[in-house]
Amino acid sequence: MELLEVNALHKSFVQAEQQVPVIRGVDMTLAAGEVVVLLGRSGGGKSTLLNLMAGIETPDSGDIRFQGEPFAELDDRGRTLIRRRRIGVIFQFFNLVPTLTVAENLQLPLQLNRQPLGGRVDAMLEALGLVGLGQRFPEQLSGGEQQRVAIGRALIHSPPLLLADEPTGSLDASSAEQVVKLLIEQVRVGGHGLLLVTHNAELAALGDRTLILEEGRLKGAPERKLS
Ligand SMILES: Nc1ncnc2c1ncn2[C@@H]1O[C@H](COP(=O)(O)OP(=O)(O)OP(=O)(O)O)[C@@H](O)[C@H]1O
Ligand SMILES: [Mg+2]
């Protein structure tokens with residue numbers, strides 16, 4: 001069974017009183033543990049596609065199956081529960097809770113899912129190179145450090161799927177590369193599936209497969225890369 005299966009997905013937005021199609025028939029699958037990189041021009045609909053997969057947006061038509069379960073048809077609450085338990089999301093701008101410390105931000109998904117904390121927060125701080133920063137607040141961290149916390153928060157409850165929307169968009173090139181490498185390393189270690197949106201075609205080499213969103217449809221190599 002595929003982790004994620006998307007069929008004939010369509011989504012349009014109303015802009016200046018016009019219905020503008022953004023996603024125009026997307027089909028794709030993502031297998032458990034697979035790392036797929038999504039490229040495409042600005043405004044092409046990458047974030048929209050990711051938000052549909054995260055259940056943050058709903059499609060006009062088409063089908064999304066998450067671990068075989070129809071996802072798009074669920075109500076808000078049903079989609080929120082699946083997202084909370086089984087999908088980690090990383091956005092371009094960190095989205096950490098500013099009033100919580102780093103350690104508390106990392107605890108949040110475990111608490112929401114009623115999972116034991118065990119030593120998981122400390123283990124994650126260690127894995128992300130953030131030892132000693134647990135008691136700081138997000139604003140007391142650099143952009144790269146904040147984004148590492150966001151990665152930790154998305155992975156700490158071990159969701160089978162991680163969706164990352166330009167997680168390095170607000171970082172300089174060298175921290176961006178470090179953060180993406182760390183992200184992919186953690187995803188490989190944990191066996192998570194990852195859909196990674198990036199503008200950096202060089203980073204695409206780190207994935208198993210690259211897709212390009214063009215005119216609302218996916219182009220690229222749908223078959224697995226041989227290695
Ligand atoms: N909630 C919305 N209401 C109306 N239009 C929207 C909405 N969200 C996105 N759009 C439009 O849909 C199109 C695709 O936007 P989207 O953010 O998905 O692109 P993107 O590929 O992620 O771009 P970028 O690389 O700049 O992040 C754009 O024209 C955008 O203006
Ligand atoms: Mg975007």
Side-chain angles (χ1 to χ4, degrees), residues 4-30 35-64 66 71-77 79-80 83 87-96 143-144 146-151 153-154 159 161-177 179-180 183-184 187 193-207 209-222:
L4 184 73
E5 247 184 291
V6 173
N7 282 304
L9 206 63
H10 288 260
K11 176 75 179 177
S12 55
F13 290 111
V14 176
Q15 291 171 350
E17 294 178 30
Q18 292 261 325
Q19 195 81 11
V20 179
V22 174
I23 301 299
R24 306 198 303 174
V26 161
D27 302 300
M28 72 164 283
T29 58
L30 200 147
V35 175
V36 175
V37 174
L38 179 62
L39 302 171
R41 71 167 182 82
S42 180
K46 301 179 299 298
S47 295
T48 303
L49 185 57
L50 210 99
N51 289 340
L52 289 166
M53 290 171 179
I56 294 166
E57 299 270 7
T58 51
D60 300 334
S61 63
D63 189 38
I64 302 174
F66 184 72
F71 180 47
E73 289 122 74
L74 297 176
D75 61 10
D76 273 351
R77 188 182 148 70
R79 292 199 311 276
T80 300
R83 181 168 59 247
I87 304 179
V89 188
I90 305 174
F91 298 100
Q92 177 170 357
F93 305 102
F94 328 123
N95 286 89
L96 298 173
Q146 288 184 53
Q147 200 55 303
R148 281 184 271 154
V149 178
I151 290 171
R153 194 186 50 177
L161 176 65
L162 193 66
L163 299 171
D165 192 357
E166 293 187 54
T168 57
S170 41
L171 304 178
D172 64 63
S174 84
S175 358
E177 193 180 323
V179 165
V180 168
L183 168 66
I184 292 182
V187 160
L194 169 66
L195 183 67
L196 170 69
V197 171
T198 175
H199 273 124
N200 185 341
E202 279 173 39
L203 294 176
L206 299 172
R209 192 152 61 100
T210 303
L211 296 170
I212 302 164
L213 189 61
E214 240 176 64
E215 289 166 1
R217 294 189 193 88
L218 289 177
K219 316 265 155 85

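Counting starts at 1 for both ligands and their atoms, following the listed order. What you see below is based on every heavy atom in this structure, not just the backbone, and it leaves out hydrogens, waters and symmetry mates.
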Is it true that Gly43 lies under 4.0 Å from ligand 1, counting heavy atoms only? yes
Okay, side chain of Lys46, backbone of Leu38: is any donor-acceptor separation there less than 3.5 Å? no
Donor-acceptor check, side chain of Asp27 to backbone of Ala8, threshold 3.5 angstrom: yes or no?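 Yes: the side chain of Asp27 pairs with the backbone of Ala8.
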Could you tell me whether any N, O or S atom belonging to Thr48 is less than 2.8 Å from the Mg ion (ligand 2)? no
Using a 4.0 Å cut-off to any heavy atom of [X], which atoms of ligand 1 qualify?
| X | value |
| --- | --- |
| Glu166 | 24 (P), 25 (O), 27 (O) |
| His199 | 25 (O) |
| Ser47 | 17 (O), 18 (O), 20 (P), 22 (O), 27 (O) |
| Arg41 | 21 (O) |

Mode of Val22 contact toward ligand 1 - side chain, backbone, both, neither (heavy atoms, under 4.0 Å):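 For Val22, only side-chain atoms sit under 4.0 Å from ligand 1.
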What part of Gln15, side chain from CB on, backbone N/CA/C/O, both or neither, has a heavy atom under 4.0 Å from ligand 1?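 Side chain only.
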I want to check something: taking the side chain as every heavy atom from C-beta on, are [X] and [Y] in contact at a cut-off of under 4.5 Å?
| X | Y | value |
| --- | --- | --- |
| Ile87 | Leu163 | yes |
| Leu96 | Arg153 | yes |
| Arg83 | Ile56 | yes |
| Arg79 | Thr58 | yes |
| Val180 | Thr198 | no |

Short N or O distance, [X] and ligand 1, threshold 3.5 Å exclusive:
| X | answer |
| --- | --- |
| Val14 | no |
| Gly45 | yes |
| Glu57 | no |

Rounded to the nearest 0.5 Å, how far does CZ of Phe91 lie from CG of Asn51?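 Those atoms lie 6.0 Å apart.
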Looking only at protein heavy atoms, identify the closest one to [atom] and say how far it is in Å.
| atom | result |
| --- | --- |
| atom 26 (O) of ligand 1 | Ser42 OG, 2.5 Å |
| atom 9 (C) of ligand 1 | Phe13 CE1, 3.4 Å |
| atom 15 (O) of ligand 1 | Thr48 OG1, 3.8 Å |
| atom 25 (O) of ligand 1 | Lys46 NZ, 2.7 Å |

Decide if atom CD of Gln19 counts as having more than 12 heavy atoms of other residues, nucleotides or ligands within a radius under 6.0 Å. yes
Where do Ile90 and Pro167 come nearest, in terms of heavy atoms and distance?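 For Ile90 versus Pro167, the nearest heavy atoms are CG2-CB, 3.9 Å.
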